[in-house]
Amino acid sequence: MTGSQNPNSVAPAGFGDRHIGVSAQPHVHHMLTALGFGSLEELSAAALPESIYTTEPLGLQAAVSEEAMLAELRALAAKNTVNKSFIGQGYYGTHTPGVIQRNVLESPAWYTAYTPYQPEISQGRLEALLNFQTVVADLTGMTTANASMLDEGTAAAEAMALMRRNNRTASPDAVLLVDADVFPQTLAVINTRAKAMGIPVLVHDFTADDAGLPDVEFFGLLLQYPGDSGLVRDIAPVIAAAKAAKALVAVAADLLALTLLESPGALGADLAVGTSQRFGVPMGFGGPHAGYMAVRQGLERSLPGRLVGVSKDAAGNQAYRLALQTREQHIRREKATSNICTAQVLLAVMAGMYAVYHGPDGLRRIASRVHALARGVAVAAEAAGHTVVHENYFDTVRVRIASAGGHAAAELVAAAHKAGYLLRQLDHDHLQIAVDETTTEADVAALASLLAGRAPETGHGTGSAQLPAGAAGAVGAAGAALPVPARATPFMVNPVFHVHNSETQMLRYLRRLADADYALDRGMIPLGSCTMKLNATAEMAAVSWPEFANLHPFAPAEDTVGIVEMATQLEEWLAEITGYDAVSVQPNAGSQGEFAGLMAIRAYHVENGNPDRNVVLIPTSAHGTNAASAVMAGLKVVPVATDGFGNVDIDDLKRQLSVHEDRLAAIMVTYPSTHGVFETSISTICAMVHDAGGQVYVDGANLNALVGLARPGKFGADVSHLNLHKTFCIPHGGGGPGVGPVAVGAHLAKHLPARELGLGSSVGLVSSAPYGSASILPISWAYIRMMGPDGLLRATQTAILSANYIARRLGDHYPVLYTGAHDLVAHECILDLRGISADSGVSVDDVAKRLIDYGFHAPTMSFPVAGTLMVEPTESEDLAEVDRFIDAMIAIRKEIAAVKDGLWPAGDNPLANAPHTAQCLTEEWEHPYSRAEAAFPAGVDPRAKYWPVVRRIDQAYGDRHLVCSCPSIEELAEAN
């Protein structure tokens, strides 16, 4: 009798059973009983409004096992062809050191961490980000660099906005002047953003012999260094002329080239942008990679994104924290200067560690070898009778093909492709060859054969073919004839870049930093608003497969069949899940998805003859990025009040619709609401806005409470962005990467971001690569494939179950601020500590820090309401972990009572002094509570204790004394 026929056999657990923490039926029954419901279906039907609740199953394939999913993904990967890329254009082959791949990229200690808003338990990744900032600031010659940008194109667009904002002498009609030698994808992203902001862009060729500044007023100038053509030129005179015209100057610079070329800062630039991709981060068909931005002194407080600074803790020890305007878009909303809420932390850590591992000397060696190989290509091209267009280059050689035929370049590119190499064709007569760290002498020999019109004797860097004599001499002369202006300024002088250059040292450094952090591999991160669910190992497996990781985003279509098919399938699945008609995965963060969705709405109104529809209604409870994104899309924000239950105030909505009906573009609502409830009037809101001629934007940040139960595209929404790092398991990585696909109804489909570079659309590119952060899309693909429709539904139901179980059990100890129908919350709940704090003097910050002593990351503090904690358990946490958190919160409530009753002084108690480090326990102890009460409160297992490495950090000190890079050797000597 087979297993399937044996009534006593036990079927193996499926992936969904392992992903969902509360899978055991007795545990589900226990939690449902506590809430007074008999089934998950009964709870779901009570929690969601009847007008949107659906029992229609998702039209997805049934779940498969991990092994079957990986086999399907392998089959898709096999449809890709990984040819050796010499395309360049901002994307290059690189070697990820094994110690970094295994211990950062593939380590859950790094990729399951949350954004370091709780710095005491984030010291490891904060130090790693400080390293990254130091590398970028040093190489660019700037004073301050941020903790990463989304990619080079969006970094350049942010630079445009920063220059416009900080040039107070320019008239409103002044233009952005852009170097004609910028990467085409960068120009495309700039044009998309500039169109929305009403900024005129003028492209100017600075490479012509008589090139000077155009006779036009410009507020800012963007230069590429080296240029898209490969040309390295002395940009100092152009920078000086621009600054004499009272413009600001940004330089998009290649970090590896800057080890040999003089820095933009030394040449007079105000800021620098670019990407750190070639510092050990694979091309990944376009991403994710850590972009960067660095600024001169005086502009640091205008930096978008995140910034790590040095401060001190309660004991006076050096400690790191996020500085300045870290969450400015939440605070300033429509007055925010950027909508970026995430960075590319995991990739910035990799790039920073690549620099730490190689050190300045190692980076120079890599760069010198790359330049020598480029010289070898140039010599080979000239030996074959072709013309090298630029004599001064770093890694990219532009070649004019010597042929009377009109298709000479195309024929050579085709021959190279057949041999396994990708060259970049510019026109009938010109092509470019960009070498990189992975290029070998055998590759150059093969290119020499191709340039000479012969089939190469080698392929993909193998074989022993000889270089032409001249090329061999050029390659062998590493370090000679470097491009100018040659670098004269030092960089990366801090000891961190000189003491971790062996694998042993690097391994131990990465382990020490990881041990200082708290991530999902240690325990629950009960954050509301940002879902911290399991990132399963099987989902992560394909990220480092070469068939996905080593693809150039502009490789020929026949080489990328598998990854495009995978991305297209994912878009179709997301459309089915959300009820929309079309999806684009191009936006590489939720902020960019918001922007893309609003741009689609704006284009729709223009198309229909309503360009004046520019008002967006946004509830006061919404994510701050909503308002910031609306302003970036050129729209005007009008707030809508919320009522005492956290819902949109329908009466105020009616008033605003009446006032703005002729100019209404859209309403942006988060559903379930940012207050953690299912608003019963959502269908009414959609109908009211449609009747007024507007579109409905449903922020998909909380989609993990809807999957399988309701579909925004079916209950009245026109567009949503989704956070794949929340609902669909792409890990936070300490604050990035993320993917923010935009989903739309059929009438908006034509207004999705451009799918290919060079093809026009009403919106254009919103990110540098057509498929955005393509190499991490297999994570969400794998999650959906392994969960299937039933698993996805059960995950949503369990998330709602766990959140309501927490709200019910903690309700007697902390007031739950908002509830919906039947006194239920959605997937998260807000605990109101305002009255407790007023009575006891214990702040929400005290509770958050005390949770560290109990072995937990704090819930979301003071968002969306000051003085509260927003708790979200996710479906991945099991009953034991959920109960452990509840028990910790109850124990803390008793500690608060002890402070209120005078048993502990208000300024000297376990909450006020939390968190407690091992070091502080060894010092003289004069507190009114014991060391055991400090470090091992109720329920903490001493054998599993998490020890923070710093005490509470002085936030204000770090802003008053802003330091955002590693100190130099001289500064260290001074301090000692």
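Worth knowing before you read on, the calculation uses all heavy atoms, side chains too, and leaves out hydrogens, waters and symmetry mates. Since the structure is predicted, the reported quantities are computational estimates derived from the model, not experimental observations.
Put simply, the residue from Lys726, His725, Glu872, His732 that forms a side chain to side chain donor-acceptor pair (under 3.5 Å) with Thr531 is Glu872. With Arg785 as reference, Glu72 is the one residue of Glu72, Glu67, Glu66, Glu539 to meet the salt bridge (Lys or Arg N to Asp or Glu O under 4.0 Å) rule.
With a 4.5 Å cut-off on side-chain heavy atoms, Val583 and Glu572 do not count as touching. Between Val739 and Asn588, the closest side-chain pair of non-hydrogen atoms is not below 4.5 Å. Between Leu346 and Pro737, some side-chain heavy-atom pair lies under the 4.5 Å cut-off. Looking at Leu534 and Cys729, their side chains never come closer than 4.5 Å, going by heavy atoms from C-beta outward. Residues Asp151 and His289 are not in side-chain contact: their nearest non-hydrogen atoms beyond the backbone lie 4.5 Å or more apart. The closest side-chain heavy-atom distance from Gln592 to Ser629 is not below 4.5 Å. Side-chain contact between Leu869 and Met861 is present, with at least one heavy-atom pair separated by less than 4.5 Å. Side-chain contact between Phe885 and Val871 is present, with heavy atoms from C-beta onward closer than 4.5 Å.
Neither side chain, Thr96 nor Gln101, offers a donor N or O lying under 3.5 Å from an acceptor on the other. Residues Ser544 and Glu106 have side chains that bring a donor and an acceptor to within less than 3.5 angstrom of each other. Donor-acceptor pairing under 3.5 Å is recorded for the side chains of Asp823 and Thr819. Between the side chains of Asn702 and His827, at least one donor N or O sits under 3.5 Å from an acceptor N or O. Using modelled atom types and a 3.5 Å distance limit, the side chains of Tyr580 and Ser720 yield a donor-acceptor pair. Neither side chain, Gln118 nor His857, offers a donor N or O lying under 3.5 Å from an acceptor on the other.
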Run the numbers on Thr727 and Leu722 for side chain to side chain contact (heavy atoms under 4.5 Å, CB included), then give the verdict.
CA-CA 8 Å; Thr727 304; Leu722 320 176; over 6 Å; no

When you look at Leu32 and Leu801, which way does the side chain to side chain contact (heavy atoms under 4.5 Å, CB included) test go after all the steps?
CA-CA 7 Å; Leu32 285 169; Leu801 172 67; 3.7 Å; yes

Might you work through the ring-ring contact (aromatic ring centres under 6.0 Å, His included) test for Tyr946 and Tyr518, ending with a clear yes or no?
CA-CA 8 Å; Tyr946 167 72; Tyr518 188 101; 5.6 Å; yes

Does Asp941 form a salt bridge (charged side-chain N to carboxylate O under 4.0 Å, His left out) with Lys945? I'd like the steps, not just the answer.
CA-CA 6 Å; Asp941 182 353; Lys945 169 72 178 175; over 6 Å; no

Between His721 and Phe595, is a ring-ring contact (aromatic ring centres under 6.0 Å, His included) present by the stated rule, with each step listed?
CA-CA 9 Å; His721 87 272; Phe595 174 73; over 10 Å; no

Might you work through the side chain to side chain contact (heavy atoms under 4.5 Å, CB included) test for Leu724 and Trp781, ending with a clear yes or no?
CA-CA 10 Å; Leu724 296 193; Trp781 187 97; over 6 Å; no

How far apart are the C-alpha atoms of Val564 and Phe285, what are their side-chain angles, what is the distance that settles it, and do they pass the side chain to side chain contact (heavy atoms under 4.5 Å, CB included) test?
CA-CA 10 Å; Val564 170; Phe285 199 47; 4.1 Å; yes

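At a threshold of 4.0 Å, the pair Asp878-Arg884 does not count as salt-bridged, since none of the basic side-chain nitrogens sits closer than that to a carboxylate oxygen.
A pairwise comparison of heavy atoms in Ala62 and Pro789 identifies CA-CD, 4.1 Å as the closest pair. In terms of heavy atoms, Ala782 sits closest to Met69 at CB-SD, 3.5 Å. Nearest heavy atom pair, residue Pro712 against residue Leu706, reads CG-CD1, 4.1 Å. Residues Phe678 and Pro672 approach most closely at CE2-CG, 3.4 Å, considering heavy atoms. When every heavy atom of Ser780 is checked against every heavy atom of Ile730, the shortest pair comes out as OG-CG1, 3.5 Å. Across all their heavy atoms, Ala774 and Ile563 have their closest contact at CB-CD1, 4.2 Å.
No donor-acceptor pair under 3.5 Å is formed between the side chain of Gln586 and the backbone N or O of Pro741. Counting only distance, with no hydrogens or angles, the side chain of Asp517 and the backbone of Arg125 share a donor-acceptor pair below 3.5 Å. Between the side chain of Glu576 and the backbone N or O of Gly59, at least one donor-acceptor pair lies under 3.5 Å. The backbone N or O of Ala769 lies less than 3.5 Å from no partner atom in the side chain of Ser767, so there is not a single donor-acceptor pair. For the pair Glu571 (side chain) and Val585 (backbone), a donor-acceptor distance under 3.5 Å is present. Although no hydrogens or angles enter the test, the distance criterion places no donor-acceptor pair under 3.5 Å between the side chain of Asp718 and the main chain of Gly745. Judged purely by atom type and a 3.5 angstrom limit, Asn804 has no side-chain atom pairing as donor or acceptor with the backbone of Leu824. A donor-acceptor distance shorter than 3.5 angstrom exists from the side chain of Ser65 to the backbone of Ala68, with no hydrogens or angles considered. With Ser584 contributing its side chain and Val742 its backbone, the two residues share no donor-acceptor pair below 3.5 Å. Side-chain atoms of Gln344 come within 3.5 Å of backbone N or O of Leu150 as a donor-acceptor pair.
Note: Asp521 CG to Thr112 OG1 = 4.5 Å, rounded to the nearest 0.5 Å. Taking CG of Leu792 as the start and CH2 of Trp573 as the end, the distance is 10.0 Å to the nearest 0.5 Å. Rounding to the nearest 0.5 angstrom, the gap separating the OH atom in Tyr805 from the OG1 atom in Thr798 is 14.0 Å. Taken to the nearest 0.5 Å, the CG atom of Leu40 stands 12.0 Å off from the NE2 atom of His29. A distance of 8.5 Å separates CD1 in Ile525 from CD in Glu877, rounded to the nearest 0.5 Å. In this structure, Met524 CE and Glu881 CD are separated by 6.5 Å, a value rounded to the nearest 0.5 Å.
Taking the ring centre of Phe856 as origin, the terminal cationic atom of Arg522 falls outside the region bounded by 6.0 Å and 45° from the ring axis. Cation-pi geometry between Arg755 and Tyr771 is met: the NZ or CZ atom falls under 6.0 Å from the ring centre, inside 45° of the normal.
Taking the six-membered ring where tryptophan is involved, the planes of His19 and Phe15 are essentially parallel, since the angle between them stays under 30° and well short of 60°.
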